[in-house]
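For reference, the structure discussed in these notes is given below.
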Amino acid sequence: MTGVTSVMGATGTTGGTGAAEPMTETGLMGTKGGPRIGARPENRRQRVVKSLWISVWLFYLSAPVTDLVSGGHSLGARLLGGLGLVAFVAWYLVLVFRTARQTQVRRVLLSVAVLSAQATILSLALGREWLVLFVYVAIASGAALPGEISRFTVPGATVLLALTAFAVPGGDEYLAGLLIPALMGGFAMVGIRAMIRTTMELREARATVAQLAANEERLRMARDLHDLLGHSLSLITLKSELAGRMLPEHPEQAARQVADIEQVSRQALVDVREAVSGYRRPTLPGELAGARTALAAAGVVADLPAEPVEPVEDLPEEVESALAWSLREAVTNVVRHSGAQRCTVRLETRQTLAGRVVELSVADDGGGGPAQAGNGLTGLTERLEAVGGTLSAGQTGKKGFRLLARIPLGSGS
């Protein structure tokens with residue numbers, strides 16, 4: 001539409017309409033809070049944004065207004081012309097703010113017909129400057145009507161423009177500057193409607209695929225747990241009933257059944273932990289992305305490793321998981337407790353006398369303070385010790401806090 005309005009502005013005519021607001025990001029996507037093409041605004045913000053866009057494009061109605069003021073018309077013609085222009089704009093606004101539904105196509109066609117009649121009468125009565133109204137008719141029909149109908153109404157409005165131009169004295173001189181903007185503007189709005197519809201369908205399809213994937217994952221997890229626990233729980237139930245019957249007269253045999261129950265229960269717990277660990281194991285790229293989001297939301301400047309994270313490719317899963325948990329806990333503490341303005345994360349490998357080690361450092365410039373041995377740091381220490389690593393945390397000078405996780409490579413593999 002920008003190109004259309006530029007062409008029309010150069011010819012002293014107009015190509016913009018209030019229907020052009022879908023060119024904005026919010027209008028194009030129809031996101032929450034933004035106006036949507038052919039849709040009635042749902043809240044105050046949408047009404048304000050849409051009204052502003054319409055006001056901008058209505059500026060190109062200056063040609064008819066100028067003709068009313070200095071066109072040499074009689075007082076009666078000016079009054080009738082002014083009333084006609086106000087009626088045209090009012091009807092146009094109603095059409096722009098309408099809700100586009102298939103059940104309302106007849107109403108929209110009637111509105112377009114009324115706009116066409118108004119444009120024709122005003123042009124024949126007042127002169128060629130009023131031919132610009134047909135451009136609004138073409139673009140409004142393209143914006144408000146479905147594509148299978150507007151592909152006929154847009155050329156129809158253009159043909160009516162040409163016929164009226166030849167009937168108006170000097171109208172053929174304006175015809176070249178109006179035909180192309182009318183056709184381009186009208187079909188541009190048809191294309192925008194089709195693009196928005198396709199975008200909405202793609203979003204719905206993406207949401208459906210995500211929902212299906214989540215459902216499939218839940219079903220898989222349910223199947224895994226059922227397969228793991230079904231046999232074990234059935235065996236535990238049977239042995240418990242058997243132990244209950246043996247307990248009064250055969251306590252030794254009951255004790256053996258209880259020992260079997262304990263063994264089966266422990267094995268079932270191990271199986272469940274192995275099954276669930278695949279769902280809960282964090283990754284460093286994922287945690288870095290989450291850290292970037294969390295720090296940005298907290299207003300903390302984040303200095304994070306660039307993607308892709310090179311050291312991650314060589315890390316065993318257990319080592320990467322331990323570092324990912326450390327990163328999550330450290331960033332959480334920065335967001336919740338530090339009051340920092342900047343957070344720096346470094347992930348690198350070093351060659352030491354004892355071999356290669358990987359280090360994760362998370363430092364901030366907050367209030368600092370001594371490290372508290374709470375559940376978070378205690379849990380991290382245990383996770384790192386399980387892969388042969390160490391954790392150190394404490395103040396860095398007068399201000400700031402630093403958490404350093406160090407794991408020898410090869411000890412966790």
Side-chain angles (χ1 to χ4, degrees), residues 1-8 15-58 92-109 111-112 135-155 157 180-217 286 289-290 292-293 296-297 307:
M1 291 299 298
T2 303
V4 176
T5 54
S6 299
V7 172
M8 303 184 66
T17 77
E21 98 285 321
M23 295 302 288
T24 63
E25 182 179 358
T26 53
L28 177 62
M29 297 305 178
T31 53
K32 184 177 181 181
R36 294 172 294 172
I37 179 172
R40 181 183 295 116
E42 299 175 355
N43 52 50
R44 182 177 180 182
R45 182 176 182 274
Q46 291 184 2
R47 286 192 294 270
V48 171
V49 173
K50 199 160 191 175
S51 299
L52 289 176
W53 273 102
I54 293 173
S55 300
V56 170
W57 303 121
L58 289 180
Y92 172 78
L93 294 178
V94 171
L95 183 59
V96 170
F97 278 94
R98 47 159 296 280
T99 302
R101 296 179 181 174
Q102 293 296 332
T103 56
Q104 296 180 338
V105 170
R106 292 184 179 179
R107 293 185 181 179
V108 179
L109 284 173
S111 299
V112 173
V135 180
Y136 283 88
V137 175
I139 296 179
S141 64
L145 287 170
E148 59 271 16
I149 298 178
S150 58
R151 63 183 178 181
F152 298 108
T153 59
V154 171
I180 294 178
L183 283 173
M184 289 180 59
F187 283 118
M189 300 311 300
V190 175
I192 290 175
R193 281 182 61 94
M195 182 172 58
I196 291 174
R197 183 171 60 253
T198 302
T199 301
M200 293 175 63
E201 291 174 355
L202 288 175
R203 285 190 168 187
E204 292 175 357
R206 183 182 300 174
T208 301
V209 170
Q211 183 63 35
L212 291 175
N215 292 339
E216 181 63 25
E217 190 69 7
R292 182 176 289 106
T293 302
E307 295 182 0

Atom CD1 in Ile192, atom OG1 in Thr199: separation rounded to 0.5 Å? 11.0 Å
For a quick test of reading the model, state the closest non-hydrogen atom pair linking Ala138 to Ala182 and the distance between them. CB-O, 3.7 Å
I'd like to check Val154 versus Leu145 (side-chain heavy atoms, cut-off strictly below 4.5 Å). Are they in contact? no
Contact summary for Ile139 and Gly186, nearest pair of heavy atoms: CG1-N, 3.7 Å
